[in-house]
Every structure is written in structure tokens, then in C-alpha cells.
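Worksheet: the structure to be examined is printed underneath.
If you read the sequence from its start, that first residue is 1, and numbering goes on from there. Remember, it's 1-based here, ligands and their atoms both numbered in the order they're listed.
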Amino acid sequence: MSPTPRSQTGAKAQTVLEAPAPAFSTREAEAFAQQAFDIQASAEPLHSERDQNFRLRAKDGSEWVLKIANPAENPAVLDMQTQALLHIARVDPHLAVPRVKATPDGVLFHEIDGADGRRFIARVLSFLPGQLLENATLHPALGRDVGAMTARLARALSGFFHPAARHELLWDLTQAQGLRTRTHHIQEATRRRVVEEVLDHFDAEVLPELQKQRAQVIHNDVNAQNTLAAGDRVTGVIDFGDLIYAPLVCDLAVPISKLIVEHSDPIATAAEITAGYHAVTALEDDEIRLIFDLVSTRCAMEIAIANWRVCDHPENADYIMGGIDEAAALLEQMREWGAERMYAGLRRACATPIKIAVPDFTRSPADEESLHPLLERRRQRLGPGLELFYDNPLHVVRGEGVWLIDAAGRSFLDAYNNVPQVGHCHPSVVQALAQQAAMLNTNTRYLYESILEYADRLTATLPGDLSTCMFVCSGSEANDLAWRLAKAHTQNSGAIVIEDAYHGTTDAVYELSPAAHGKGRPLAEHIATVPAPDGYRGRFRRDDPRYADRYAACIDDAALSLDARGFAPAAFYLDLILASSGILVPPKGYLSAAFEKVRAAGGLCVADEVQSGFGRTGDHFWGFAAHDVVPDIVTLGKPIGNGFSMAAVVTTPAIVDSLMEESEFFSTTGGNPVACAVGLAVLDVLEQEGLQERAACVGAILRSQIEKLAGQHPLIGEVRGAGLFIGVELVRDRSTLEPAAKEAAAIVNRMRELGVLVGVAGPGANVLKIRPPLVFDENHAFQLTDALDQALREN
Ligand SMILES: Cc1ncc(COP(=O)(O)O)c(C=O)c1O
């Protein structure tokens, strides 16, 4: 249903910039939302130049925007905007633009009578969460994505038309000459002359060329206030208020004119945006040639419009004139360069092919409905017991650096996955993998150099006699092999493990993993446990100066208990950041005392570095290195291959000899040439990109930001960790430490909706688990804390 046409009064109609914007109260907005759209929500005013918009936070967690249009707005134009959104939802459902919400009777436009006798048209659109581009740094990859998004949006609109599409619009470049009658409002004479020259040149030279170009309905307002971004990705575009039928290239001129202002290298930035656009929709040479004049004209239009508007609204001068000096400066600068310089830069950028993943327009959106068949197939083929993260599971299709991208093209900041240590799909790792896979892949029963180079590199990072490497394919296998080594070397068969430890999934290692015994299965007879050295809520706490020693002394009790059952310890396993115990950092003095006691009881000390290794803890490459001890066996996994299935055990020659005396070891794919190429590439990237140092520095910033949040949110009991391995323990009461498990789950789910991925850990399931790829930077840290802050506030 379309809105009622505006009545023809015969009087000269006011423009939307002249007619006063609607002025309903928040309470009234809440009442309209409830009565007309059946949304029970709290409303918060949003800024609008000419309309009145409210953000609605509904009781069911959904968020909407109530848009009350300026009464001077042509209802047919509102209908066009709404129909365009519906069209996009049909042809490119993955495109992150607002969705239109109808009333329960299917009505898209709700008419409201104002107290001043005017009638207003209200609509509801979905609220797109995320950070505005104006708050992000426009680095080259993001610039390209802005261009790509602009092109994608235009592609989605290419089959759309509406009778109101060629309406009067101040911001339509093809109508720029209409502003010539308003330039007298520009006070400053030189500026006025420049604007007039640009507008005249446009009318005489540019418009005739522009009119020969392909045209369609375009968004016409992709700018920093209408675009959402996360990292180097555009995550959404809002505000369809300037939709117009115009030459396609005008759509690209808008983001260029808005985003190169104040940029240190405007032509390079314009080139990135243009290249991104060109990768999705190839630009014609004439279109590229026109961009210089279109950008200049757009700057001139901004100056003319602002100077005219400020005469009517001097009280709003700061807002209206904000950015006008910059637009004037850009205009001056462009006149100095001349058109050829910009054309050459843009032409060159378009000549270098770049890869932009253009989603398949025919696929259905990744909403709950479309996930259903996938979930069902998964249940049937993989069994019902396989865990899935989040109430609203994530269907991921791509990874890049710190980002995971879902099937709808939305980027999520990955602060959870520690396997892609050097970033998702790091090009150097991918290249090493592909090159070696194309050359040779075999097994350790043949000679090849790379395994020796890799073993040299790994052992060079380790102290003492830890000089022999054994390669396997998973952390579980590494811990399983460590178990065989320890038994062979000590001739004992008991084990001491931490109460909530997890070391893997093979039959032997599962026994060493009490965390996995949650379903009530008792521990095997040969296993004794010791409490995790938890100074916050454990048996011994930080206020006791000897608490580390007291935890270490529990090893003696465990050895005695094994002895009583007829066992002596072959090994003590320790995860160097106790992840499954709630992200605990072992206290100073604990390891040396514990290792001494284990060795005195005849056992070996196994450092499980599957999670804590490869620089994650920041100050050291290995977790144990912070404690002045040398383990007997070190097990490596997860980040070792950045996601490629590989793992290793590093130990002493004497321990390996003990195993070889009584049995053999061979892994068909462990340590194969591809694994070695990948492992070497991971070590190279860690070194070249200084990722261990970055983990230390960004980790410290992130921890201190979260600690600041603890000042406002009593739910945060403790923030702890090392480097980029951080735990945030949530408690209902800071004195009783009652675990806030339900709240932790709600926060993790809410952060997922806000585009940030974290997890939960700990026996009480109340510790937020944060361990992102190490390419995580300070901006990512702020994005995470913003989302955490919001999720905590809403909790
Ligand atoms: C500390 C630790 N050790 C070992 C493993 C087992 O590694 P994988 O799953 O690669 O077999 C895990 C897995 O989560 C782990 O966290």
C-alpha cells in the first residue's frame, strides 16, 4: 500500500529543508510504535536533518528505527524509498541495508495526525547495528570496500524503477545548476566566485557529457555518516533519503567527494574507492574521466547549500557549516591539480585488477529461516551432540585477518579463535601451503629438508635439552604421545592433572581431562587431580602470601593418593594458561615448586602449550618461560599451523630413546612437507609482523579498557590473563563471588549480535574468553570494549 498523495493546495510548496521537522516526543513515538507496528519498545531520538527518527529498542531484543517524515516530503518519494528497500531485499538479500517492517495488517505507511494539524507519515525500518564509517580509519582496504559496496548497492537497484524516481532533489548532481540562484548567500567573495565557476562549468561542459552516461536509480548518499564499517569492511549502508534516478557514476562521486576531504593523499584514496567500485561494476573510460568534475561540483553544491541554509538557521550554524571549509579547501586543491592528474590516478587504479568477493545475489539470506535446513542436515549427518556456538549460530563463509564473514556478507570481529594466530587466511601461510601442496607431499619415511629446518627453528625457541621434535596432527595426539613418552621413560603409569583440565580427545588423554568428564563419568584410577591455582575464588587466595606454595603442595597429596591406589606419577600435565579452569595465569613460584614435587615423586612435567604457545602471552614465546622452569616435554598444537592440522611434541633425546626402546612412532601425515612449509610460514609471520610484541601491547590496552568497564559494571569480578589471552570473570556479587553464568551466556550472545565474537570458559561457565588472532590491534580492542560495554549495559 502506498501513502496518500500530497494534496494540491496551489500554494508554493515548502521544500523539506524549509518545512519544520516533526517534533513528537519520545513517549508519543513509543505509543505509535506500539499501536501501529505492535512493537513494545523504548524510543531514543536519532539525529535527522529534515525528518524525525527514533531508535526503538524492543522488549524482545530487536531494534528498529521509527521514521516520521517531514510533511513537505512528497509521499510518492517515500513510497519509492520503501519500494527500493523491498526490491533490494528480494534481489540481494545479503546486502546489509535496513529492512522494511509492515504493521500487523501489512501496511507499510502509518499516518499520524500532529497537534499542529499537519499529517505525518511514519515508517519502521530495521536498525543496523555497528560503527559509523566516520569513526573508523579509512585505510586502503576499507576505501576499496566502500567503492565495492556502492557498486553492489547500485547493482541491486539496477532493475528497479518508480514513477517518482526523477523527482526534484537538491542533492542531485544533474540538478546542480539550480543552486546557481542561491550562490549569493556565500559571503566570502573568492569562495563564491569559485563555486559559481564550478557550477557554470558543470552546466556548460559536464552536464552534456553526463547525460550520455548510463543511468538508473542510485543511492546517491554513501558517506561516512550513512555507512557502517568494521575493520576493513563495510558492514552496512543506511539512509535512502537521497535516492534518485541519475547517471550511475554520480553514485561513486558522492563517497569520493565526502571521504577524500582532509585525507593526506586524496587522489590515492579516490583511487582505492574507484578501484573497489570497478572490481564489482566495470567503469567506462568516460565515466572515470567525469569523476573529477563530479567531485568538484559536489563540493561546490555543499558550499552553496550550507551557506543558503545557514541564513535561515543561524542558530544551527556550527552544524550546517561543519565541514564546509574542508570542502572549499578540497575544491581549491582540485583546481590546482587539474582534471588530468586525478583521471590518471583513477585510470591506473582501475587497470590493476583487485579481487572483491561479490556475493551470489540468488542465495537466500542467512537468517534463522535459511539456517534451518543447514542445521537439520548438520544434525542428521554429524549427530545431535556436536556443539554450536551462539543461540543464533554463525554461518561463516570466509575469514580474513581478525574478521570472520558470514553468508550475508557481515563481518564479525573474531576475538575468540586462537588457532588462526597470525590472522585468518594469512596470505603468506596460504601461499606456503598451496606452493608446497603443488610440489610435494609425502611422509617422514623419506628424506626432505624442510622438516629439519622447521625442527631447528622450533627447538631454537626452547631452552635446555628440549631438542627433539616429534610431529603429529592434533593437540590431542601430541598429549597422547607425551603420555606414552612419560610412561616409557619413568616406567610409572599414574598421572596428576588439574581439576578442570582439558588436554584432548584420544582415549588416554580424555582420561587426563576432568573438564570433559562433566557428564558424571568418574576419573580413572590412575589419575589424581590437584586444584587449579586460582587466587581469585579458589581454595587459597591472593591475600595469602603463600598461596602459590599451598597449591603446589597439593601435588604431594595427589602423589600420596596415587600411591595408595598402587600408582606412581609418570607425568604432571599443565596447561600454561589454565583455559578450562577459567583463563587462570599460574602464580609466580607455582611452577617451580610444583615441578620439583612431581620430579621428586618420579614423574615428568608436561607443559601443554597447545593454547598458550607461539607468542600469545606477549612477554614470552612460551607460557612456561614466564616461570623460570624447563619442562621435560612440551606439547604444541592449535596455532602451530594457523588452522592447518598439525601439532608437535618437543622433548629431550633421552626421553625419546626410552620410548624407542620399547615401541615405535610414526604418523602418516604428521610433519609432512606441507605441514613443515605451513609451520615455517607461521614462524616467519610471527617474527616479521612482531606479533608477540603486539600481543603484549594490545593485550595490555585491552585489559586496561576492560578494567575501566569494571568500574561501571559490578558484574565484572576480575579481569586477568597475559598478552592476548584474557579472561573476564562475571559474578553476581563481588563478595560472595556467585558465578554469573546466565549473564555470561547472554553477553556472549549479545556481543555476537553486535558483531564481536567471544566465548565462555571456566567450571562455572562465567568467564568471558577472549583470545583473538594476534593481528588484533588497538582499534579492534576499542570495538570489543564498546560492544562489551553495550552488552553489559543491556544485561
Ligand atoms: C590445552 C589444550 N590441550 C590440548 C587440546 C587438544 O587439541 P586438539 O583439539 O587439537 O586435539 C586442547 C583443545 O582444546 C587444549 O585446549
Side-chain angles (χ1 to χ4, degrees), residues 382 385-389 416-421 470-486 495-518 527 529-530 532-533 571-586 591 605-617 622-624 627 631 633-651 667 669-671 675 678-679 682 721-727 758-763 765 767 769-773:
L382 309 180
L386 205 59
E387 187 188 359
L388 254 181
F389 288 142
Y416 180 79
N417 287 293
N418 57 349
V419 176
Q421 185 96 332
M470 302 169 92
F471 293 107
V472 286
C473 303
S474 69
S476 303
E477 277 179 80
N479 280 328
D480 192 276
L481 182 57
W483 181 234
R484 285 178 58 203
L485 286 162
I496 301 175
V497 294
I498 300 285
E499 265 166 19
D500 317 293
Y502 179 76
H503 296 290
T505 194
T506 69
D507 193 38
V509 176
Y510 197 73
E511 295 295 355
L512 306 174
S513 303
H517 292 238
I527 311 286
T529 61
V530 290
F572 166 55
Y573 276 69
L574 186 67
D575 176 2
L576 270 298
I577 295 286
L578 294 104
S580 49
S581 305
I583 324 284
L584 304 174
V585 183
L591 259 78
C605 299
V606 179
D608 181 337
E609 294 278 359
V610 168
Q611 293 220 39
S612 49
F614 293 94
R616 174 154 298 276
T617 56
W622 303 110
F624 72 77
H627 300 273
I633 302 175
V634 182
T635 59
L636 317 178
K638 292 194 195 270
I640 189 172
N642 212 47
F644 184 81
S645 283
M646 55 188 285
V649 173
V650 188
T651 185
S667 166
T669 46
V678 167
V682 170
L724 277 170
F725 205 152
I726 297 175
V758 300
V760 277
V767 181
K769 179 155 66 168
I770 301 172
R771 17 155 243 199

Does [X] reach the main-chain N or O of [Y] with its side chain, forming a donor-acceptor pair under 3.5 Å?
{"X": "N642", "Y": "Q421", "value": "yes"}
{"X": "S580", "Y": "Y502", "value": "yes"}
{"X": "S513", "Y": "H503", "value": "yes"}

Value rounded to 0.5 Å, distance of [atom1] in [X] from [atom2] in [Y]:
{"X": "L481", "Y": "F471", "atom1": "CG", "atom2": "CZ", "answer": "11.5 Å"}
{"X": "D608", "Y": "L636", "atom1": "CG", "atom2": "CG", "answer": "9.0 Å"}
{"X": "T505", "Y": "N479", "atom1": "OG1", "atom2": "CG", "answer": "11.5 Å"}

Could you tell me the residue and atom name of the protein heavy atom closest to [atom], and the distance to it rounded to 0.1 Å?
{"atom": "atom 11 (O) of ligand 1", "value": "S476 OG, 2.5 Å"}
{"atom": "atom 4 (C) of ligand 1", "value": "H503 O, 3.2 Å"}
{"atom": "atom 3 (N) of ligand 1", "value": "D608 OD2, 2.7 Å"}

* Going by the order shown, which atoms of ligand 1 are within less than 4.0 Å of some heavy atom of N479? ->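 Every atom of ligand 1 under 4.0 Å from some heavy atom of N479: 3 (N), 4 (C).
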* For ligand 1, which atoms sit closer than 4.0 Å to a heavy atom of D575? ->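 Atoms satisfying the 4.0 Å criterion: 1 (C).
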* Answer with side chain, backbone, both or neither: which part of T505 has a heavy atom less than 4.0 angstrom from an atom of ligand 1? =>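 Answer for T505: neither.
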* So which of A515, A478, G475 gets nearest to atom 8 (P) of ligand 1, if we judge by its closest heavy atom? ->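 When every heavy atom of A515, A478, G475 is considered, G475 comes closest to atom 8 (P) of ligand 1.
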* Can you find an N/O atom of Q611 closer than 3.5 Å to an N/O atom of ligand 1? ->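 Such a contact does occur with ligand 1.
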* **Nitrogen or oxygen of K638 less than 3.5 angstrom from that of ligand 1** =>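 N/O-N/O distance under 3.5 Å: yes.
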* Answer with yes or no whether the side chains of D575 and Q611 bring together a donor and an acceptor at under 3.5 Å. =>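 There is no such pair (donor and acceptor under 3.5 Å, judged by atom type) between the side chains of Q611 and D575.
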